[in-house]
Amino acid sequence: MKFFVDTADTAEIRDLAETGLLDGVTTNPSLIHKAGRDFLEVVREIAGIVPGPVSAEVVALDHKEMLREAEILRRIADNIAVKVPLTVDGLKTCKALSGEGTMVNVTLCFSANQALLAAKAGATFISPFVGRHDDTGFDGMQIISEIRTIYDNYDFATQILVASVRHPVHVLQSAMIGADVMTAPPAVIRQLFRHPLTDRGIEAFLADWGKTGQSI
Ligand code: E4P
């Protein structure tokens with residue numbers, strides 16, 4: 001499963017990229033607002049940090065205007081994936097862009113039927129938002145299983161990009177289901193490295209090593 005980080009904070013992206021475990025980046029208008037930087041400038045910088053896909057989202061709601069914005073975004077770098085919302089106009093735009101070889105991430109997906117439509121529109125990535133679905137009292141991961149089944153049934157090449165990941169269990173379940181990608185905030189990715197028994201084990205080994213009086 002590929003790991004994308006869901007942020008526009010370039011310091012965090014650089015730091016995580018150094019682990020060699022980062023496969024891409026996702027942004028959205030709220031994350032751009034949080035970063036407090038010029039949209040095109042920050043996306044250009046991110047695209048230079050990671051070689052993998054960097055999602056940059058259009059904000060227009062009609063097809064024609066989405067295409068205009070997409071043109072600006074995709075020109076930033078070869079690794080830009082244009083992010084469009086799961087609407088009729090968004091999928092029209094997805095179809096047009098993917099037909100021209102541009103990577104497209106269809107976002108704000110909340111049902112397996114929506115994911116089916118995105119795959120038929122040629123999406124490179126479909127982003128089902130599991131955390132926001134959980135928030136409304138449903139099981140977000142159930143949708144990931146359904147999408148996996150549908151995409152496998154018809155050999156769709158669209159990659160399932162699990163989004164709105166809130167905690168390590170979402171990551172674990174995504175991998176168990178066979179999602180292609182998950183995108184999580186930096187803090188959640190950092191949590192994946194940690195286990196109290198690892199810390200305790202290191203502490204005990206170092207204490208015993210100290211008692212040997214040796215060095216390497
Ligand atoms: C995905 O591409 C979105 O940017 C993101 O995962 C949304 O997550 P949130 O529900 O935590 O805002």
Side-chain angles (χ1 to χ4, degrees), residues 1-10 12-13 16 22-37 39-40 42-43 45-47 49-50 52-60 66 69-70 73-74 76 79-87 90-91 93-94 97-98 102-112 114-115 118-119 121 123-144 147 158-175 177 179-192:
M1 185 166 72
K2 290 176 212 156
F3 276 28
F4 290 1
V5 65
D6 199 30
T7 186
D9 181 333
T10 52
E12 287 276 23
I13 295 167
L16 286 167
L22 197 59
D23 301 298
V25 177
T26 50
T27 68
N28 64 38
S30 303
L31 293 171
I32 297 296
H33 172 65
K34 195 172 165 195
R37 292 185 50 190
F39 179 31
L40 302 186
V42 77
V43 167
E45 186 178 334
I46 295 169
I49 301 171
V50 290
V54 174
S55 291
E57 188 161 343
V58 298
V59 289
M66 276 187 199
E69 292 179 356
L73 297 178
R74 73 175 170 183
I76 293 175
N79 56 338
I80 297 296
V82 176
K83 215 172 176 189
V84 299
L86 209 153
T87 59
L91 292 189
T93 306
C94 172
L97 293 174
S98 56
T102 298
M103 286 189 286
V104 184
N105 177 356
V106 177
T107 190
L108 291 167
C109 169
F110 291 93
S111 79
Q114 286 182 313
T124 316
F125 303 103
I126 180 68
S127 290
F129 279 35
V130 293
R132 293 193 195 185
H133 211 82
D134 290 352
D135 291 344
T136 61
F138 293 90
D139 178 9
M141 295 312 299
Q142 177 59 33
I143 293 169
I144 306 302
I147 300 172
T158 300
Q159 297 179 49
I160 303 172
L161 195 174
V162 182
S164 191
V165 164
R166 300 273 168 78
H167 47 69
V169 177
H170 277 151
V171 180
L172 175 68
Q173 291 173 326
S174 300
I177 292 167
D180 303 283
V181 193
M182 73 86 205
T183 189
V188 173
I189 295 182
R190 290 185 204 289
Q191 271 182 285
L192 299 174

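Computation of the quantities below employed the complete heavy-atom set of this structure, encompassing side-chain atoms and omitting hydrogens, waters and symmetry-equivalent molecules. We count residues from 1, following the sequence as given. Since the structure is predicted, the reported quantities are computational estimates derived from the model, not experimental observations. Just so you know, ligand 1 is whichever comes first in the structure, and atom 1 is the first atom listed for that ligand.
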- Message: Can you list everything that forms a ring pair (Phe, Tyr, Trp, His ring centres under 6.0 Å) with F129? Sequence neighbours excluded, please.
- Response: F110
- Message: Please check if the number of heavy atoms outside H167 that lie under 6.0 Å from its NE2 is greater than 12.
- Response: yes
- With D23 via side-chain contact (heavy atoms from CB on, under 4.5 Å) - residues at least two apart: K2, F3, F4
- Query: Between atom OG1 of T26 and atom CG of L161, what is the distance when rounded to the nearest 0.5 Å?
  - Reply: 6.5 Å
Can you produce the list of protein nitrogen or oxygen atoms under 3.5 Å from a nitrogen or oxygen of ligand 1, alongside each distance?
unit_1, atom_1, unit_2, atom_2, d
ligand 1, 2 (O), K83, NZ, 2.7
ligand 1, 4 (O), D6, OD1, 2.9
ligand 1, 4 (O), D6, OD2, 3.4
ligand 1, 4 (O), N28, ND2, 2.7
ligand 1, 4 (O), K83, NZ, 3.4
ligand 1, 6 (O), D6, OD2, 2.8
ligand 1, 6 (O), S164, N, 2.7
ligand 1, 10 (O), R132, NE, 2.7
ligand 1, 10 (O), S164, OG, 2.7
ligand 1, 10 (O), R166, NH2, 3.4
ligand 1, 12 (O), R132, NH2, 2.8

- Are P128 and I147 close enough that some pair of their side-chain heavy atoms sits under 4.5 Å apart? yes
Show the atom names and distances, to 0.1 Å, of all donor-acceptor pairs under 3.5 Å that link a side chain in residues 137-144 to residues at least two apart or in another chain.
unit_1, atom_1, unit_2, atom_2, d
D139, OD1, M141, N, 3.1
Q142, NE2, E146, OE2, 3.4

